[in-house]
Asks: 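Questions regarding the structure given below will be posed in turn.
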Amino acid sequence: MAEQSIPVAGTEEGGSAEGSTSAEGGVPVGSGISRRALLGTAGATGLVLGAAGGAVGYASAPAAATPLTSVGSDEVMFHGKHQPGITEGLQARGHLVAFDLAAGAGRKEAAALLRRWSETARRLMAGEASGSGDTDVARDAGPSSLTLTFGFGHSFFDRTGLEKQRPVALDPLPDFSSDQLDRTRSNGDLWVQIGADDALVAFHALRAIQKDTGSAAKVRWQMNGFNRTPGATAHPMTARNLMGQLDGTRNPKPGEPDFDQRIFVPGSGTPAWMANGSYAVVRRIRMLLDDWEQLSLGAQEAVIGRRKANGAALSGGTETTAMDLEKTDAKGDLAVPINAHARITRPDQNGGAAILRRPFSYHDGIGADGVPDAGLLFVCWQADPLRGFVPIQRKLDRGDALSQYIRHESSGLFAVPGGAAEGEYVGQGLLEG
C-alpha cells in the first residue's frame, strides 16, 4: 500500500500487476516424450509461455491427454543472474519458512544442504519430480510459475564460522514503536521463500525442501500466504490486499533506469559473494480488520490517501496519475491528508528510499473471540535495508494513519545471494570461497 514501496499493508506496497500471462494452448503429449522437452523458453525473463507437457505423469502421457493450461505451463528458470522469486509477478500461493542449523552442524553441513536444496529447486521449477522419494503431490501439474528463493540470516554466520563474511547490511533491524514481535517467529539461520500459481505445487515444494533438510537443520517458523489467482479478473490489474485496497501501484518496476541500483547489490559489491543479490525484509503484519471495517469508505480512503475502487490518489486522476501533495479541497484542507499512508511512504518524502514489495496475504483462522488472524506476509527487497526499509519504517513510526489498524508481529532480515550459474548451487561463493 505504499507509494513505490512500503513496509506495511496498504495500496502502494504490492508487487507487480497480479500474475503473469501467457498464451493459451499447448500440444498433446505423445508417449515417451518428456514434459521438460516440450517446455520451450521464451524471452529473456526465463518464463515459459504457451506449449506445455501432458496432464498425467512426470515423463509421459497418453497421446490423447489434454495439454496443460497456460497457468500450469508457466516456468521460471532456476539458474540466472538473480535468484528467482524477486522480480516475477505475484503468485497465487506462497510459503515462507526459516530454519536453524542443528547443534553441531556447521559450514560443511550447510554447504551440503544448500547443494541439495538447489538441485531440488531446479528440478521442481522445471516441472520434474523432486528426486527419489517424491510424494507425487504435484504429479498432474506443470511448473505453475514455481519459484524457490534462499537466504541467510545474521545468526547463520556465527553458526558456520563465517563472521568475517557477514555483510554490514545484515546488521539487526532497529526497534520500531509499532513492533509487537514474537521472537520465536522471527529471524533464523536460513530462509526459504516458495511461490507458485497452484497450491499443491507450492506445498509439494515445501515438503521436498523440508525432507531435504534431514538432520542438518530444523524448522524455526513457517507461514502460509496467498494472492489472487492469475486470470481471476477480466484483465491484468494491481492486486488487492485483505483491507480491499489496491496494493502495489507505485512499486519499482524492472526496466526503470535505477531499478537494479535500488534492488540489487552491484556486481562489484561487498562482500563479493553477495554480487547481484538482494536483502529481504520479512514481516508478519496483522491487519485489525474488525476495526478497519467499522470505518466508512471515506475514512478508509483518507487513511490510505487513495480511492478504494480504483487506486487513484485523492488529489484526482487515475491509479497511475502522480499524486498532487499540495492540492486542497473546497474547505482548504489537503486532498491527501498529511498523515495518509500513501503520502508518507513516497520516496520523495523519505530521501529517495525505495523497496520492491512482493507480499502474500495470510489468514490463520478465527480466534475464540471471533477476531480473524489475518493480514500481510510482507516481503520487500532492496540493495541495502538501511537505505530502503529502515528509513521508510521510521517515517511511518512518526505518524502513519494506518498504524492503528495494523500490528507487526514477527520480523526477519536475510541476505539473499545472486543466482546460481549452471552446475553451481546458491551460496556457493560464500560457503566455498
Side-chain angles (χ1 to χ4, degrees), residues 1-2 5-15 90 92-98 173-188 191 193-195 219-228 239-248 280-295 299-300 303-305 308 339-342 344-345 355 357-380 385 389-390 392-414:
M1 290 172 118
S5 44
I6 89 179
V8 293
T11 55
E12 298 301 304
E13 309 174 311
L90 297 183
R93 188 67 177 174
H95 301 292
L96 307 179
V97 55
L173 297 173
D175 294 330
F176 300 104
S177 62
S178 59
D179 288 352
Q180 297 184 39
L181 304 182
D182 178 352
R183 301 297 177 182
T184 65
R185 293 197 295 180
S186 298
N187 302 313
W191 175 69
Q193 174 190 255
I194 298 169
V219 173
R220 178 179 177 88
W221 54 260
Q222 192 252 317
M223 302 173 189
N224 308 311
F226 58 90
N227 286 302
R228 179 177 280 157
R240 290 188 185 271
N241 59 35
L242 298 189
M243 286 180 162
Q245 304 292 150
L246 290 182
D247 193 339
V281 173
V282 182
R283 311 275 280 185
R284 185 181 190 271
I285 303 175
R286 186 167 181 171
M287 295 177 175
L288 308 181
L289 295 178
D290 284 351
D291 294 337
W292 175 255
E293 291 163 3
Q294 288 179 11
L295 297 179
Q300 289 181 353
V303 167
I304 302 301
K308 195 170 185 178
N339 62 346
H341 187 69
I344 291 176
T345 56
I355 54 181
R357 293 188 63 265
R358 197 172 182 278
F360 293 94
S361 293
Y362 78 88
H363 178 224
D364 288 342
I366 300 173
D369 57 1
V371 176
D373 183 3
L376 195 72
L377 299 182
F378 168 81
V379 182
C380 76
F389 173 80
V390 171
I392 297 173
Q393 187 60 34
R394 280 178 170 160
K395 185 71 173 292
L396 290 168
D397 254 12
R398 294 196 292 267
D400 175 27
L402 184 61
S403 62
Q404 64 181 301
Y405 302 103
I406 61 174
R407 185 165 64 220
H408 292 237
E409 296 186 335
S410 69
S411 178
L413 171 61
F414 302 95

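This one's a predicted model, so the numbers in the text were calculated from it and none came from an experiment.
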Asks: Nearest 0.5 Å, what's the CG-CD1 distance between N241 and I285?
Replies: 10.5 Å
Asks: For D373, check salt bridge (charged side-chain N to carboxylate O under 4.0 Å, His left out) against everything at least two apart and list the hits.
Replies: R284, R286
Asks: Taking all atoms of both residues into account, what is the closest heavy-atom pair of L242 and Y362, and its distance?
Replies: CD1-O, 3.3 Å
Asks: Considering residues at least two apart in sequence or located in another chain, which fulfil the side-chain hydrogen bond (donor to acceptor under 3.5 Å, both in side chains) criterion with K308?
Replies: Q300
Asks: List the steps, then state whether side chain to side chain donor-acceptor pair (under 3.5 Å) holds for D182 with S410.
Replies: CA-CA 5 Å; D182 178 352; S410 69; over 6 Å; no
Asks: Output the distance between atom CD1 (I304) and atom OH (Y405), rounded to the nearest 0.5 Å.
Replies: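 These two atoms lie 10.0 Å from each other.
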Asks: Can R394 and F176 be said to form a side chain to side chain contact (heavy atoms under 4.5 Å, CB included), step by step?
Replies: CA-CA 7 Å; R394 280 178 170 160; F176 300 104; 3.8 Å; yes
Asks: Locate the shortest heavy-atom distance separating A98 from G188; write the atom from each residue and the value.
Replies: CB-CA, 4.4 Å
Asks: When rounded to the nearest 0.5 angstrom, what distance separates NE2 in H341 from CD in Q245?
Replies: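 If we round to the nearest 0.5 Å, H341:NE2 and Q245:CD are 9.5 Å apart.
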Asks: Quick one: side-chain hydrogen bond (donor to acceptor under 3.5 Å, both in side chains) partners of D179, sequence neighbours excluded?
Replies: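 Once residues adjacent in sequence are excluded, the partners of D179 under the side-chain hydrogen bond (donor to acceptor under 3.5 Å, both in side chains) criterion are R283.
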Asks: Please name the residue in the list L396, L402, D400 that meets the side-chain contact (heavy atoms from CB on, under 4.5 Å) test with T345.
Replies: L396
Asks: Show your working on side chain to side chain contact (heavy atoms under 4.5 Å, CB included) between V281 and V379 and close with a plain yes or no.
Replies: CA-CA 6 Å; V281 173; V379 182; over 6 Å; no
Asks: For P359 and L376, which heavy atoms make the closest approach, and how far apart are they?
Replies: CB-CD1, 3.7 Å
Asks: With N227, which residues qualify under side chain to side chain contact (heavy atoms under 4.5 Å, CB included), at least two apart?
Replies: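 Only L90, F360 meet the side chain to side chain contact (heavy atoms under 4.5 Å, CB included) criterion with N227.
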Asks: Is the backbone of S177 close enough, under 3.5 Å, to the side chain of D397 for a donor and an acceptor to pair up by distance?
Replies: yes
Asks: For residues R240 and D247, determine if any side-chain heavy atom of one lies less than 4.5 Å from a side-chain heavy atom of the other.
Replies: no
Asks: Do Q222 and H95 have side chains that get closer than 4.5 Å, going by heavy atoms?
Replies: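 Yes; the side chains approach each other to less than 4.5 Å.
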Asks: To the nearest 0.5 Å, what is the distance between CG (L181) and CZ (R183)?
Replies: 5.0 Å
Asks: CD1/I355 to CZ/F389 distance, rounded to the nearest 0.5 angstrom?
Replies: 7.0 Å
Asks: Suppose we screen for side chain to side chain contact (heavy atoms under 4.5 Å, CB included). Which residues come up paired with F414, at least two apart in sequence or across chains?
Replies: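 With neighbours one apart ignored, the set is W191, W221, V282.
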Asks: If you measure from CE on M287 to NE2 on H363, what distance do you get to the nearest 0.5 Å?
Replies: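 Atom-to-atom, M287:CE and H363:NE2 are 12.5 Å apart.
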Asks: Can you sort out the partners of R407 under side-chain hydrogen bond (donor to acceptor under 3.5 Å, both in side chains), two or more places apart, ordered by chain and number?
Replies: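 Only E409 meet the side-chain hydrogen bond (donor to acceptor under 3.5 Å, both in side chains) criterion with R407.
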